[in-house]
Amino acid sequence: MKVFVAGGAGYIGSHCVRQLIAAGHTPVVLDNLAYGHRAAVPAGVKFIDANLGDGPALDRVFAAEKFDLVMHFAAFCYVGESVKTPMKYYINNCSATYTLLETMMRHGVMKFVFSSTCRSVKSMALRRDFR
């Protein structure tokens, strides 16, 4: 399978890329390197330096590559920072993910894996309120 890996230069995404290669799949990584590292992407893997919310860039990549599956590891996950800069988190985690989902639908990609490494501030607040 050809797999689009958003956030594939981050810790979890880059390990997933290695596992995809080991299983015989072809990953293509998109990462803006806000928290990822170019060196984490294995040699020979196609790398696109772009923001997940860049609709025209996503359309170009999806039109050229014909993906079977999308794996999303590009959400921001630092709770403290999210409280200080909530719009940064909203734009990346909500708006950009919506742009990705719209792009997938336009290009007929219906398989999606979303990975998140921490709880949201809202879910933590709700938990605290209901203890």
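Bear in mind that the values here come from a model prediction, so they are computed numbers and not experimental data.
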Taking only residues two or more places apart in sequence or in another chain, which ones pass side chain to side chain contact (heavy atoms under 4.5 Å, CB included) with Tyr11?
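Scan of Tyr11 (side chain to side chain contact (heavy atoms under 4.5 Å, CB included), adjacent residues dropped) gives His15.
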Would you say that [X] contacts [Y] through its side chain, given a criterion of any heavy-atom pair below 4.5 Å between the two side chains?
X: Leu20; Y: Val5; value: yes
X: Thr99; Y: Leu52; value: no
X: Pro56; Y: Leu58; value: no

Roughly how far, to the nearest 0.5 Å, is the [atom2] atom of [Y] from the [atom1] atom of [X]?
X: Ser95; Y: Met87; atom1: OG; atom2: CE; result: 7.0 Å
X: Ile21; Y: Cys16; atom1: CD1; atom2: SG; result: 10.0 Å
X: Phe114; Y: Met71; atom1: CZ; atom2: CE; result: 12.5 Å

How far apart are the C-alpha atoms of Leu69 and Val113, what are their side-chain angles, what is the distance that settles it, and do they pass the side chain to side chain contact (heavy atoms under 4.5 Å, CB included) test?
CA-CA 8 Å; Leu69 166 71; Val113 175; 4.1 Å; yes
Identify the heavy atoms of Phe76 and Asn93 that sit nearest to each other, and give their distance.
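Minimum heavy-atom contact is N-OD1, 2.7 Å.
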Quick one: closest heavy-atom pair of Pro27 and Val17, and the distance?
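Distance-wise, the nearest heavy atoms are CG-CG1, 3.8 Å.
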Inter- and intrachain pairs under salt bridge (Lys or Arg N to Asp or Glu O under 4.0 Å), touching residues 62-74, at least two apart:
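Matches after skipping sequence neighbours: Lys2-Glu65, Lys46-Glu65.
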I need the full list of salt bridge (Lys or Arg N to Asp or Glu O under 4.0 Å) pairs touching residues 8-26, with sequence neighbours left out, sorted by first then second residue.
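Passing the test, one end in residues 8-26: no pairs.
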Is there a path of hydrophobic side-chain contacts, each under 4.5 Å between heavy atoms, that joins Leu100 and Tyr98?
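Leu100 does not cluster with Tyr98.
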Has Met105 got more than 12 heavy atoms of other residues, nucleotides or ligands less than 6.0 Å from its CE?
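Result for CE/Met105: open.
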Set of residues satisfying ring-ring contact (aromatic ring centres under 6.0 Å, His included) with respect to Phe62, sequence neighbours excluded
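Phe62 satisfies ring-ring contact (aromatic ring centres under 6.0 Å, His included) with Phe4, Phe67, His107 once adjacent residues are dropped.
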Considering residues at least two apart in sequence or located in another chain, which fulfil the ring-ring contact (aromatic ring centres under 6.0 Å, His included) criterion with Phe73?
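Result, ring-ring contact (aromatic ring centres under 6.0 Å, His included) vs Phe73: none returned.
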By side chain to side chain donor-acceptor pair (under 3.5 Å), which residues pair with Thr97, not counting sequence neighbours?
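Partners of Thr97 under the side chain to side chain donor-acceptor pair (under 3.5 Å) test: His72.
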Residues two or more places apart in sequence or in another chain: which of them pass side chain to side chain donor-acceptor pair (under 3.5 Å) with Thr103?
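For Thr103 the side chain to side chain donor-acceptor pair (under 3.5 Å) partners, ignoring immediate neighbours, are Arg106.
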Give the intermediate values and the outcome of side chain to side chain contact (heavy atoms under 4.5 Å, CB included) for residues Val28 and Ile48.
CA-CA 8 Å; Val28 174; Ile48 298 127; 3.4 Å; yes
Donor-acceptor pair, side chain of Asn92 and main chain of Gly53, under 3.5 angstrom:
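Not a single qualifying donor-acceptor pair exists.
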Under 3.5 Å, sequence neighbours excluded: what are the donor-acceptor pairs made by side chains of residues 29-41?
{"from": "Asp31", "atom 1": "OD1", "to": "Leu33", "atom 2": "N", "distance (Å)": "2.7"}
{"from": "Asp31", "atom 1": "OD2", "to": "Ala9", "atom 2": "N", "distance (Å)": "3.0"}
{"from": "Asn32", "atom 1": "OD1", "to": "Ala34", "atom 2": "N", "distance (Å)": "2.9"}
{"from": "Asn32", "atom 1": "ND2", "to": "Asn51", "atom 2": "OD1", "distance (Å)": "2.7"}
{"from": "Tyr35", "atom 1": "OH", "to": "Glu81", "atom 2": "OE1", "distance (Å)": "2.7"}
{"from": "Tyr35", "atom 1": "OH", "to": "Glu81", "atom 2": "OE2", "distance (Å)": "2.9"}
{"from": "Tyr35", "atom 1": "OH", "to": "Lys88", "atom 2": "NZ", "distance (Å)": "2.8"}

Applying salt bridge (charged side-chain N to carboxylate O under 4.0 Å, His left out), name anything that partners Lys111, two or more places apart in sequence or on another chain.
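Applying salt bridge (charged side-chain N to carboxylate O under 4.0 Å, His left out) to Lys111 gives none.
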